[in-house]
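First comes the structure, then the notes that go with it.
Chain letters run A, B, ... following the sequence lines, proteins first, then strands; residues in each count from 1. Quick note: numbers below take in every heavy atom, side chains included, and nothing from hydrogens, waters or symmetry partners.
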Amino acid sequence: MIRPRLSKVASGTRLTTDLVNNIINRTEYAADLLRQYKLVAGNGMYVEPHFDGTRVSYLQSVAGGATPTQPIFAYDVELVLDKVYDFPSDFKFATDDNGFVPLDKRNRLIVPQFVRDNPTQYAFRSIGYFWAKMDNPPSATGRYPSWGNQNTYTTQSIDSLGSFAFGPHPPFPNIFTGKPEPAWFGGSGSLIRL
Amino acid sequence: MAENPSPPKLTGKSQPLRTIRETPDGVGISSDYINSIIDRIEDLVLVAQNQKPVPGNNIQINFTQQGAVINAVTQ
C-alpha cells in the first residue's frame with residue numbers, strides 16, 4: 001500500500017501517535033518496495049548478489065542481448081586448489097551418460113594429476129544454475145529447465161579419470177538419440193580438499 | 001573496452017541518524033531531530049523506488065511475493 005510522503009514538523013509540534021504511525025507506515029512502505037524489487041532469477045537467467053550491487057546474466061547468449069557469446073576459458077586450465085573460478089554465463093560442457101562432466105579439452109578444465117591420484121580426498125564445490133537445450137525439442141521451448149540453487153553450494157566427487165559432476169543433476173539425453181546433450185553452467189566453483 | 005555509464009547519484013542529503021540518550025528528566029526530542037528522521041525515511045523511499053527493475057531487450061519481469069522474477073525471452 002502506498003503511504004503518503006511525510007511532512008516536516010514545526011517547532012512545538014506534539015509527538016502524537018498519528019505522527020509516529022505515519023513514520024512507521026512510510027518506513028514499512030520503503031521496506032515493502034525493497035522486498036518487491038528483490039531480483040530473482042527466472043528462466044534462462046542467473047542472478048548473483050554482490051555487496052555493491054546485483055549482477056544479472058543470461059545463461060545463454062540471447063540475440064540482441066548485452067552478453068556476447070565468449071568462451072569462459074580461451075585455453076586449457078589446470079584447476080588450482082581453492083581458487084574460485086567464475087562461470088558468469090553460458091559455460092558449455094558435455095555430460096556423459098551418468099550426468100558427469102568429462103574433463104577433456106572440450107571443457108578446457110583439467111584436474112591436476114595429484115587429485116586424480118587421490119580423487120576421494122578432493123571435490124569440486126560449485127554454486128549456480130544449470131541449463132540444457134535439446135537439438136530435437138520435446139516441448140515448445142525445447143529446453144530443460146534450469147537446475148541448481150544459487151544460494152546453496154553443492155559438492156561434487158571426482159573420479160580417477162579427472163571427471164566430476166556439476167551437481168547431482170540428471171543427464172540431459174536427447175529423447176530421440178538417447179545421447180547426452182551439451183549443457184551450460186552459470187555460477188562459480190572451486191577445487192577443494194575434503 | 002567500453003564501459004557502461006555510471007547511474008546518476010541519488011539526490012538524498014540525509015545523514016545517518018544518531019541514537020538518542022535518556023536523561024533523568026526523560027527524553028527530549030526536538031522538531032529538528034524528528035525532521036532528520038523524516039528526511040532519512042524519505043531518502044530511503046527514494047532509494048527503494050529507484051531499485052525497481054525495468055525490463056530491457058529480451059527480458060521479462062514478473063513481480064511476485066518473492067521478488068521480481070527476471071526471465072529471458074527466447075526465440
ask   = Side chain, backbone, both or neither: which part of A:Ser11 has an atom under 4.5 Å from a heavy atom of chain B?
value = both

ask   = For chain A, which of B:Gln65, B:Gln60, B:Gln49, B:Gln66 has the most heavy-atom pairs under 4.5 Å?
value = B:Gln49

task = Specify which of A:Arg3, A:Arg5, A:Arg35 makes the most heavy-atom pairs with chain B at under 4.5 Å.
result = A:Arg5

query = Does some side-chain heavy atom of A:Tyr29 sit less than 4.5 Å from a side-chain heavy atom of A:Ile2?
reply = yes

Leading residue by heavy atom contact count with chain A [cutoff under 4.5 Å; candidates B:Pro53, B:Ala68, B:Ser30, B:Gly67] = B:Ala68

remark   = Heavy-atom nearest pair, B:Val69 first then A:Gly42, reads CG1-CA, 3.7 Å

Portion of B:Ile70 that has a non-hydrogen atom of chain A nearer than 4.5 angstrom = both

remark   = Shortest non-hydrogen pair, A:Lys83 vs A:Ser190, comes out as O-OG, 3.3 Å

inquiry  = Please identify, among B:Thr64, B:Asp32, B:Asp39, the residue contributing the most non-hydrogen atom pairs under 4.5 Å to chain A.
reply    = B:Asp39

message = Using heavy-atom distances under 4.5 Å, tell me whether A:Ala10 contacts chain B through its side chain, its backbone, both, or neither.
response = backbone

key: A:Ala30 to B:Ala48 - nearest heavy-atom pair and separation   = O-CB, 3.6 Å

For a quick test of your reading: what N or O donor-acceptor pairs under 3.5 Å do the side chains of residues 16-23 of chain A make, sequence neighbours left out?
| residue | atom | partner | partner atom | Å |
| --- | --- | --- | --- | --- |
| A:Thr16 | OG1 | A:Leu19 | N | 3.1 |
| A:Asn21 | ND2 | A:Thr17 | O | 3.4 |
| A:Asn22 | ND2 | A:Asp18 | O | 3.3 |

request  = To the nearest 0.5 Å, tell me how far B:Ile37 CD1 sits from A:Leu6 CG.
outcome  = 10.5 Å

